[in-house]
A.B. asks: 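Input: one structure, supplied below.
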2 protein chains.
Amino acid sequence: MTIRTRRERERAEREQLIVTAARKLAESEGWSAVTTRRLASEVEYSQPVLYSHFKGRDAIMAAVAVEGCGELATALRAARTAAKDERGALAALSRAYTDFARERPALYDAMFTHAVDLPFATPEAPAALHEAFDELRLAVEPMAVDGDDPVLLTETYWASLHGLATLTRSDRLPPEAHDRRLALLIGHFASTH
Amino acid sequence: MTIRTRRERERAEREQLIVTAARKLAESEGWSAVTTRRLASEVEYSQPVLYSHFKGRDAIMAAVAVEGCGELATALRAARTAAKDERGALAALSRAYTDFARERPALYDAMFTHAVDLPFATPEAPAALHEAFDELRLAVEPMAVDGDDPVLLTETYWASLHGLATLTRSDRLPPEAHDRRLALLIGHFASTH
DNA sequence: CGAGAAATTCTAGCAGCGCTAGCGAATCTG
DNA sequence: CAGATTCGCTAGCGCTGCTAGAATTTCTCG
């Protein structure tokens, strides 16, 4: 029994090793550099070992994405709770969100750009994902007026942040005006505050 | 001279054939199905012919993207000019934009999601791209208040539409509430109209 | 302790990818 | 019609994700 648990623990550790290596490699050289061969050599195992942990390359990306959601949630919470009023909280959270996307592009892509078969807008979605969305909701909710559905409003605001983050990072929007676009967005969503 | 022009015309026709085939293939089976071998067989030439027209696979995607921009501009113009007032124009254009992304996902990805080395936010950007952005601007501009920079406001609104389109299409936002999210967005950007 | 069973990891390989060198055929020039 | 030039082809390189089956290690039990 103890042997079984030890082996299971070692297996879990190796799985974490793989996810960490994949993430590190993606962050430093982009997802195109994360090949199964390269990743296998990085963790000092052979290729097929990866497939005993994950269904395929995409499943590894999904695991990295879930990790990223947890960190995004943490970053958003820190920004939100440090602000002194509701509008300040929304501004700080928005800044934290787009900073996260800019500074960890590979992680962000795995989470929100790359096609990945994670359940999202359902209860079965990973807890970390719900946490990140809840942080958004806590900052956006206070801006709701009269009949606004808070969840729908949060989804809409999230989409705006996501659009700004992705279009700016791919140079489809000039980066130097990012702050002013963010201010415009906040201005329109928090006009009554 | 006439021989030269004839050959140039034939070359241009073949190039268009490639772009059209690439687009068709991408729309029906996704970009992952657009391999150089498959595309070559589709146009009934050998692989290396593609490389005499385009630098590589990405350049073919870029050509498809430019075509897509032209069609998006057309769709946006039709929606905008058919509306009877400014707010209606913004609503119609927004709907047309997200419809375009939903109905032509591969085309939309080539234009705005896939990393592609097209000049975007510069004067050297393809004319079709400027046309599409101008359509957005013409609909958004009337919503600007006092000191708002119309271009920045357009960029911000575009980002919001882009975020809604991409997150909805990848099932990261529940599709059935798309209309209500769009209404919320318009409500916040056109609050004074 | 040591042989058989079971679990695990590795080697080797498949089919397909983007891309290119270099040869043969078709076309144009004088 | 011969020589030069352009053109498109065949063949191949190094890579990809993924997997079958052999080989090795680990555990079980007489």
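Below, chains carry the letters A, B, ... as their sequence lines are ordered, and counting in each starts from 1.
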A.B. asks: Could you tell me the separation between the OH atom of B:Tyr51 and the P atom of D:dC7, rounded to a whole number of Å?
C.D. replies: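 Going from B:Tyr51 (OH) to D:dC7 (P), I get 19 Å.
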A.B. asks: Can you work out whether B:Arg38 or A:Tyr45 has the more 5'-proximal nearest nucleotide on DNA chain C?
C.D. replies: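 Looking at DNA chain C, the more 5' nearest nucleotide goes with A:Tyr45.
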A.B. asks: Is the base of C:dG16 touched by the side chain of B:Arg37 through a donor-acceptor pair closer than 3.5 angstrom?
C.D. replies: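 Under the 3.5 Å cut-off, the side chain and the base do not form any donor-acceptor pair.
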A.B. asks: If the threshold is 4.0 Å, N to carboxylate O, is there a salt bridge linking B:Glu71 and B:Arg104?
C.D. replies: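 Yes, charged N to carboxylate O under 4.0 Å.
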A.B. asks: Mind checking what makes salt bridge (Lys or Arg N to Asp or Glu O under 4.0 Å) contact with A:Asp148, not counting sequence neighbours?
C.D. replies: none
A.B. asks: Starting at CZ of A:Arg57 and ending at C1' of C:dG16, how long is that distance when rounded to a whole Å?
C.D. replies: 16 Å
A.B. asks: When you group the ILVMFWY residues by side-chain heavy-atom contacts below 4.5 Å and let the links chain together, are A:Leu152 and A:Leu138 in the same group?
C.D. replies: no
A.B. asks: Can any side-chain N or O of A:Glu27 pair as donor or acceptor with the backbone N or O of A:Leu107 at less than 3.5 Å?
C.D. replies: yes
A.B. asks: Applying a 4.0 Å non-hydrogen cut-off, can you work out what B:Thr35 is touching in the nucleic acid: base, sugar-phosphate, or nothing?
C.D. replies: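 Sugar-phosphate contact only - B:Thr35 comes under 4.0 Å of backbone atoms but never of a base.
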A.B. asks: Could you state the atom-to-atom distance from CG of B:Leu39 to P of C:dC17 in whole Å?
C.D. replies: 12 Å
A.B. asks: Tell me which nucleotide among C:dC10, D:dG17, D:dG8 gets nearest to the side chain of A:Val49.
C.D. replies: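 Among the listed nucleotides, the one closest to the side chain of A:Val49 is C:dC10.
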A.B. asks: Taking only the side-chain nitrogens and oxygens of A:Thr36, find out if one of them lies under 4.0 Å from OP1 or OP2 of D:dC18.
C.D. replies: no
A.B. asks: For A:Glu44 and C:dT9, give me the distance from atom CD to atom P, rounded to whole Å.
C.D. replies: 14 Å
A.B. asks: With hydrogens left out and only the distance checked, is there a donor-acceptor pair under 3.5 Å joining B:Gln47's side chain and the base of C:dC19?
C.D. replies: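 A donor-acceptor contact between them is present.
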